[in-house]
Structures are given as C-alpha cells and as structure tokens.
Amino acid sequence: EPYYFAQHHLNNLDGGYDMDAEKAWTEYAAGGSDEQVVAVMDTGVDYDHPDLKDVMWNEGTEYEALKAMGGGAHGINTSGDGDSDDPTDRYSGHGTHCASIIAGTWNKLGTAGVNGKARIMACCWMNQSGSTSNFIKAVNYIITAKNAGVNLRVTSNSWGSNARFFYNSPANRDMERRLSDAGIINVYSSGNSGHNLDSYPENNHLNDGLSIIVGASDSAGGSAVFSDYGKQRVDVYAPGVNVLAAASLQDGVISMPAGYYPWLDQDHTGDVFFCDMENEADIRIAAGQSEAVIPGGPSDEEPELASPSSA
C-alpha cells in the first residue's frame with residue numbers, strides 16, 4: 001500500500017511502539033481468513049470507498065429476516081437519519097475510519113487494514129450522538145444476522161468521552177450478554193476522558209468476560225493522554241493516536257468531532273484519507289503536496305454521550 005510507511009500503528013519505522021502486525025500476518029496466513037464478518041457499530045461506513053468496497057459484507061438482502069428489519073445489502077441504519085437500508089457514513093467519517101483500520105483492502109491503493117480479508121458489516125446507529133433505542137435496534141439486527149448463519153464474529157464499538165456511562169447502562173449490559181450468548185466478541189474503546197475506570201465501582205461489569213475493553217496508546221507505547229485507563233478495567237492497549245486510514249467520500253461529510261485531531265486531506269489521485277499522523281512532514285508526503293493543508297485543529301470541546309471516539 002502506498003501509504004503503509006505512514007501507518008505507524010502497524011509498523012513503526014521510527015522504532016517506536018506498534019502492533020507488530022507483520023509478524024502476525026506471517027504467522028497467520030498472510031492476513032487472516034475470509035468471510036469473518038466484523039460489525040462496525042458506529043456512524044456507518046462509506047461502502048463505495050475504493051479502499052473498502054471490496055471488503056464490505058454485501059449479503060444482507062439475501063436474508064428475509066434482515067430485510068424485514070429494514071436492512072440493506074451492507075447492513076442497517078438505525079440512526080433515524082436516512083433510509084434504514086443505507087448504512088453509509090453520512091455524518092463524520094468516523095465509522096469509515098474505523099472500518100479501514102480493521103480491514104482496509106490490500107489493493108495497492110491508500111492504506112492497509114489489519115485484516116484485509118475480513119468483511120465489514122455497517123451498523124449505523126449514531127450520527128453526532130446515539131440513543132439507546134437506536135443501539136438496541138442495531139444489536140437486534142446483528143444477533144438476527146448471526147442466528148441466520150452469517151459468520152459474524154466481532155463487534156467494533158469505538159465511542160467517545162462519556163462512553164463509560166453508556167457501558168454501564170442496563171440496556172447496554174443486556175445487549176452485551178445477548179451478543180456474547182450468540183458467540184460474538186464485543187470490543188469497546190475504553191473512552192476518551194482520561195479517567196481511571198478502576199475508581200468507578202459501577203464499572204465492575206467491564207471485566208465480566210463479556211467484552212474486551214481497549215485503551216488507546218501512543219507511538220511511544222504509553223497511554224494516550226485522552227484514553228480512559230485502569231489495571232482492572234482495561235484489558236489491552238492498541239495504537240489509537242494519529243492513525244492514518246480512509247475517510248468517507250460522501251458529499252457533505254464533515255470532519256470528526258472537534259478535539260480528536262482529524263485532518264481531512266486529499267492525495268494526488270483525488271482520493272481522500274484521514275491524515276492525522278504525528279509528523280506533519282509525513283502528512284505532506286502522503287498528500288502529495290509540498291505544503292500540508294490542515295483545516296481546523298485541536299479543540300477542547302467534548303462530544304455528547306456515546307459519540308464517535310478517536311480510538
């Protein structure tokens with residue numbers, strides 16, 4: 001992939017912390033197994049993006065039970081914004097960014113995903129923020145798909161600064177149990193408030209075995225300054241700062257919520273990627289520009305409850 005050099009989370013060319021992805025690819029058949037479906041529970045996914053269109057799950061209309069729920073070929077939209085059968089990423093680009101990190105196509109274009117052979121199911125349940133009822137509808141869709149025979153193995157839940165309150169809600173805990181009982185692994189970002197989750201007794205359920213809680217690390221291997229943490233509550237850390245991956249190409253999409261350091265830029269081929277790397281010189285190289293054009297910038301604003309996360 002032409003921008004693989006800038007994906008420090010996979011292979012840090014400066015000798016810093018990374019996922020050691022190349023070793024994993026070598027040991028596990030160069031990129032994983034086909035047809036393992038990951039449901040991205042987020043703002044939707046730009047399923048027409050050139051780095052994602054070939055890894056999208058596209059069998060939704062083959063299942064009558066899923067069509068009856070309002071779903072489309074690539075998943076479902078329960079956000080209330082747009083048609084229910086169209087889970088494209090029309091708000092922020094965050095869901096597309098997450099999907100690209102997971103499974104961006106190894107097609108000599110743009111960036112590489114961790115597993116270029118996984119399939120992405122788009123479950124759009126939030127735009128600027130999300131509601132419990134919309135979340136439950138998306139979970140019901142996922143469980144129905146699993147019971148119908150879709151090889152759905154994992155849910156990706158990358159939410160924002162007040163995520164711990166949502167994790168602790170009775171509705172979310174019930175959904176966790178139902179997903180786990182269906183044989184689905186639930187992966188959550190720890191949250192973006194910089195809080196010690198161990199200091200909140202109500203978070204005892206976070207280590208109940210139903211979910212994997214992931215903190216965000218920086219390229220030096222330390223906890224990101226925004227990441228929630230806790231020896232008892234956070235299971236593992238993964239790179240979550242300045243990760244380069246695809247962004248939505250949908251008309252009208254704005255940048256991710258302020259404070260997450262995203263910069264939308266356009267490369268020399270006309271494709272759009274998130275250029276939110278740590279080194280501004282790398283941004284210029286990746287964008288094919290002599291000068292980086294970085295609209296906006298960091299902000300102290302925080303998103304609403306259950307909003308897209310930077311991790």
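Scope of the values below: all heavy atoms of this structure, side chains included, with no hydrogens, waters or symmetry mates. The structure presented is a predicted model; accordingly, all values stated were derived computationally and were not measured.
Evaluation of the salt bridge (Lys or Arg N to Asp or Glu O under 4.0 Å) rule for K67 yields E64 as partners, not counting sequence neighbours.
In the displayed structure, I143 atom CD1 is contacted under 6.0 Å by more than 12 heavy atoms of other residues, nucleotides or ligands.
Between atom CG of residue D218 and atom OG of residue S223 there is a gap of 8.0 Å, rounded to the nearest 0.5 Å. Summarising the geometry, atom CE belonging to M56 is positioned 10.0 Å from atom OG1 belonging to T105; distances are rounded to the nearest 0.5 Å. Distance check: K137 NZ to N77 CG gives 10.0 Å after rounding to the nearest 0.5 Å. Atom OG in S217 sits 9.5 Å away from atom CE in M19 (nearest 0.5 Å). The OG atom of S199 lies 12.5 Å from the CD atom of Q232; values are rounded to the nearest 0.5 Å. For the atom pair I142 CD1 and L66 CG, the distance stands at 11.0 Å (nearest 0.5 Å).
With hydrogens and angles disregarded, a donor-acceptor distance shorter than 3.5 Å links the side chain of H97 to the backbone of V243. No donor-acceptor pair closer than 3.5 Å links the side chain of S211 to the backbone N or O of V187. The main-chain N or O of D46 is found under 3.5 Å from a side-chain atom of T96 such that the two form a donor-acceptor pair. Between the side chain of S190 and the main chain of I213, no donor-acceptor pair closer than 3.5 Å is present. A side-chain donor-acceptor contact under 3.5 Å links D228 to the backbone of H195. A donor-acceptor pair is defined here as one N or O able to donate and one able to accept, closer than 3.5 Å; such a pair exists between the side chain of S189 and the backbone of W159. Checking side-chain atoms of T88 against main-chain N and O of R90 turns up no donor-acceptor pair under 3.5 Å. Formation of a donor-acceptor pair under 3.5 Å by the W106 side chain with backbone atoms of G113 is found in this model.
With hydrogens and angles left out, the side-chain atoms of R233 and N196 include no donor and acceptor closer than 3.5 Å. In this model, a donor atom of one side chain and an acceptor atom of the other lie less than 3.5 Å apart for T155 and N157. Side-chain contact, D86 with Y47: a donor N or O sits under 3.5 Å from an acceptor N or O. For the residue pair T78 and N134, no side-chain donor N or O sits within less than 3.5 Å of a side-chain acceptor on the partner.
Closest non-hydrogen pair, M121 versus V150, comes out as CE-CG1, 4.4 Å. Residues G183 and K146 share a closest heavy-atom pair of O-NZ, 4.2 Å. Between T144 and N140, the closest heavy-atom pair is OG1-O, 2.7 Å. Here the closest heavy-atom approach between residue A145 and residue L152 is recorded as CB-CD1, 4.3 Å. Here the closest non-hydrogen pair linking P87 and A122 is CB-O, 3.6 Å. Nearest heavy atoms, Y63 versus A148: CE2-O, 3.5 Å.
Looking at V114 and I102, their side chains never come closer than 4.5 Å, going by heavy atoms from C-beta outward. Looking only at side-chain heavy atoms (C-beta outward), D42 and S158 come within less than 4.5 Å of each other. Residues D89 and H49 have side chains not in contact (no heavy-atom distance under 4.5 Å, counting atoms from C-beta outward). A heavy-atom distance below 4.5 Å is not found between the side chains of V139 and I136.
Taking the ring centroids of W125 and Y141, they lie at or beyond the 6.0 Å cut-off.
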Q: Check step by step if side chain to side chain donor-acceptor pair (under 3.5 Å) holds for R119 and N58.
A: CA-CA 9 Å; R119 296 292 176 263; N58 60 3; over 6 Å; no
